[in-house]
Amino acid sequence: MESRSTILLSFLLLALLLTTTSAQLRSDFYKNTCPNVESLVRSAVTKKFQQTFVTAPATLRLFFHDCFVRGCDASVLIASPSEKDHPDDLSLAGDGFDTVIKAKAAVDSDSRCTNKVSCADILALATRDVVVLAGGPSYTVELGRRDGRISTAASVQRHLPHPNFNLDQLNAMFSSNGLAQTDMIALSGAHTIGFSHCGRFSNRIYNFSLKSRIDPTLNSAYALQLRQMCPINVDPRIAINMDPTTPKTFDNAYYKNLQQGKGLFSSDEILFTDARSKSTVNLFASNSGAFQQAFVTAITKLGRVGVKTGNQGEIRRDCTRIN
């Protein structure tokens with residue numbers, strides 16, 4: 001009797017082991033179904049990037065917004081009514097969505113791959129590719145995500161960081177997604193190729209407080225420059241580079257800017273002014289390799305957030321619609 005229960009127990013353990021293993025993402029997930037998925041995505045993304053640089057920041061931000069809401073399941077790509085309708089997602093640039101749609105078409109054009117690769121995985125691959133194209137580090141992308149079937153504007157609420165967040169608010173939001181403070185600081189470095197509309201930071205240059213119109217942590221020469229680029233009644237579509245020095249290069253200039261009071265958002269500058277995060281900013285500013293390594297670790301962890309695997313979710317035939 002005992003041996004039978006032992007055999008049963010080992011079977012149960014084996015079954016458990018298999019389910020947890022299948023729930024793990026892995027870089028060779030499409031080895032037998034779509035072996036050239038990476039080159040198919042890369043060529044489509046490269047072509048799009050050559051048409052417009054916005055492809056890079058737009059795709060990177062799209063991935064972040066996707067993963068922080070319902071996990072990395074491409075729910076952000078679903079057509080309205082969906083997550084896209086939330087105010088926090090209205091500023092997502094169309095070029096990010098277009099990049100994924102073009103990469104999906106390229107993947108599906110290979111008969112072996114048609115409807116085999118998830119939109120969530122295509123977005124994860126495209127994100128790595130734009131980082132590389134903009135001069136950032138290359139890294140291995142884990143694959144095996146499935147696409148989500150739910151996308152609502154309500155689910156975005158309180159799930160994305162705001163430009164006025166302090167360190168505690170940033171850490172709380174990132175740690176709820178399994179990301180440490182160092183990961184948060186490294187991912188903020190993506191702002192090295194970012195851009196923002198004037199309304200997202202105008203309070204820092206016009207009406208910061210009763211005592212000071214301009215945020216005192218903002219470099220005064222930079223603040224005046226920002227006022228020139230963002231006059232009071234500026235066209236809301238006007239966008240400003242988040243890295244005033246090398247806006248089209250994925251580098252560690254973002255951290256050097258923070259040291260000079262040139263973080264565009266207060267949620268950027270706080271990383272330098274708060275003593276708890278300052279040493280990491282100083283490290284990344286002085287050591288490009290340390291930043292790149294931390295960024296790769298962080299974006300890999302980001303890509304695991306709330307993923308659906310195995311028979312959860314679906315493989316969407318059209319990234320903008322549930323099957």
Side-chain angles (χ1 to χ4, degrees), residues 21-67 71-79 82 84 92-134 136-149 151 296 299-300 302-305 307-323:
T21 318
S22 69
Q24 297 291 314
L25 302 176
R26 55 182 209 271
S27 58
D28 65 349
F29 185 82
Y30 296 104
K31 187 175 61 179
N32 301 321
T33 47
C34 181
N36 53 343
V37 63
E38 299 210 20
S39 58
L40 289 165
V41 171
R42 190 179 298 116
S43 64
V45 173
T46 303
K47 192 174 167 189
K48 173 74 183 170
F49 178 82
Q50 285 163 350
Q51 289 164 359
T52 172
F53 179 81
V54 176
T55 302
T59 304
L60 187 46
R61 186 163 177 245
L62 190 61
F63 183 58
F64 178 75
H65 278 232
D66 183 42
C67 293
C72 312
D73 67 347
S75 54
V76 74
L77 300 173
I78 291 171
S82 65
K84 287 168 82 164
L92 287 169
D95 285 305
F97 296 94
D98 190 49
T99 300
V100 180
I101 286 160
K102 287 193 160 68
K104 163 79 168 156
V107 170
D108 283 350
S109 70
D110 183 320
S111 59
R112 292 175 296 179
C113 305
T114 313
N115 303 329
K116 302 261 175 65
V117 182
S118 68
C119 299
D121 278 345
I122 289 171
L123 176 54
L125 287 167
T127 300
R128 186 266 316 273
D129 294 340
V130 297
V131 167
V132 174
L133 287 162
S138 188
Y139 54 93
T140 302
V141 179
E142 298 175 336
L143 301 166
R145 298 168 194 79
R146 308 260 296 173
D147 297 322
R149 292 193 180 100
S151 181
V296 167
I299 202 152
T300 303
L302 174 65
R304 295 170 184 157
V305 173
V307 294
K308 293 158 186 66
T309 55
N311 54 9
Q312 300 169 306
E314 62 184 19
I315 303 288
R316 238 176 268 153
R317 284 189 286 276
D318 171 348
C319 290
T320 67
R321 286 188 176 71
I322 293 153
N323 289 349

query: Can you tell me if Tyr30 and Asn36 form a side-chain donor-acceptor pair at under 3.5 Å?
result: no
field: Exceeds 12 heavy-atom contacts within 6.0 angstrom, atom CG of Asn323
entry: yes
query: Do the side chains of Asp129 and Thr46 get nearer than 4.5 Å, heavy atoms only?
result: no
- request: For residues Arg145 and Cys72, determine if any side-chain heavy atom of one lies less than 4.5 Å from a side-chain heavy atom of the other.
  value: yes
message: In the structure I gave you, are the side-chain heavy atoms of Leu123 and Leu62 within less than 4.5 Å of one another anywhere?
response: yes
task: Applying ring pair (Phe, Tyr, Trp, His ring centres under 6.0 Å), name anything that partners Phe49, two or more places apart in sequence or on another chain.
output: Phe53
Thr114 side chain vs Asp108 backbone, donor-acceptor pair below 3.5 Å: yes
- request: Kindly give the heavy-atom pair with the smallest separation between Ile78 and Gly148, and that separation in Å.
  value: CD1-O, 4.1 Å
Nearest non-hydrogen partners of Leu40 and Cys113, listed with the distance: CD1-SG, 4.1 Å
query: Are the side chains of Val131 and Pro137 in touch, meaning some heavy atoms are under 4.5 Å apart?
result: yes
message: Between Arg128 (side chain only) and Tyr139 (backbone N and O only), is there a donor and an acceptor less than 3.5 Å apart?
response: yes
- request: Test salt bridge (Lys or Arg N to Asp or Glu O under 4.0 Å) on Lys308 and Glu314 and set out the steps.
  value: CA-CA 9 Å; Lys308 293 158 186 66; Glu314 62 184 19; over 6 Å; no
- prompt: Do Pro35 and Arg112 touch side chain to side chain, with heavy atoms closer than 4.5 Å?
  reply: yes
task: Apply side-chain hydrogen bond (donor to acceptor under 3.5 Å, both in side chains) to Asp95 and list each qualifying residue two or more places apart in sequence or on a separate chain.
output: Lys48
query: What's the shortest heavy-atom distance between Arg146 and Thr309, and which atoms?
result: CG-CA, 3.8 Å
task: Would you indicate whether the side-chain heavy atoms of Leu143 and Ser27 approach each other to under 4.5 Å?
output: no
message: To the closest 0.5 Å, what do you measure between CG (Leu125) and OG1 (Thr59)?
response: 12.0 Å
task: Would you sort out whether Val307 and Asp73 count as a side chain to side chain contact (heavy atoms under 4.5 Å, CB included), showing the intermediate values?
output: CA-CA 6 Å; Val307 294; Asp73 67 347; over 6 Å; no
- request: Show your reasoning for whether salt bridge (Lys or Arg N to Asp or Glu O under 4.0 Å) applies to Arg304 and Glu142.
  value: CA-CA 8 Å; Arg304 295 170 184 157; Glu142 298 175 336; 2.8 Å; yes
- prompt: What heavy-atom pair brings Phe97 and Val76 nearest, and what distance separates the two atoms?
  reply: CE2-O, 3.4 Å
query: So which heavy atom on Arg316 is nearest to which on Asp147, and how close?
result: N-OD2, 2.9 Å
- prompt: For the atom pair CG (Asp318) and CZ (Arg321), what is the distance rounded to the nearest 0.5 Å?
  reply: 5.5 Å
- line: dist Phe64:CZ -> Leu60:CG (nearest 0.5 Å) comes out at 9.5 Å
statement: Heavy atoms of Ala74 and Asp66 approach each other most closely as N-OD2, 2.8 Å
- line: Rounded to the nearest 0.5 Å, the OG1 atom of Thr99 sits from the NZ atom of Lys104 at a distance of 15.5 Å
- prompt: Any sub-3.5 Å donor-acceptor pair from Ser151's side-chain atoms to Ser75's backbone N or O?
  reply: yes
- prompt: Is there a side-chain contact between Val117 and Ile122, using heavy atoms and a 4.5 Å cut-off?
  reply: yes
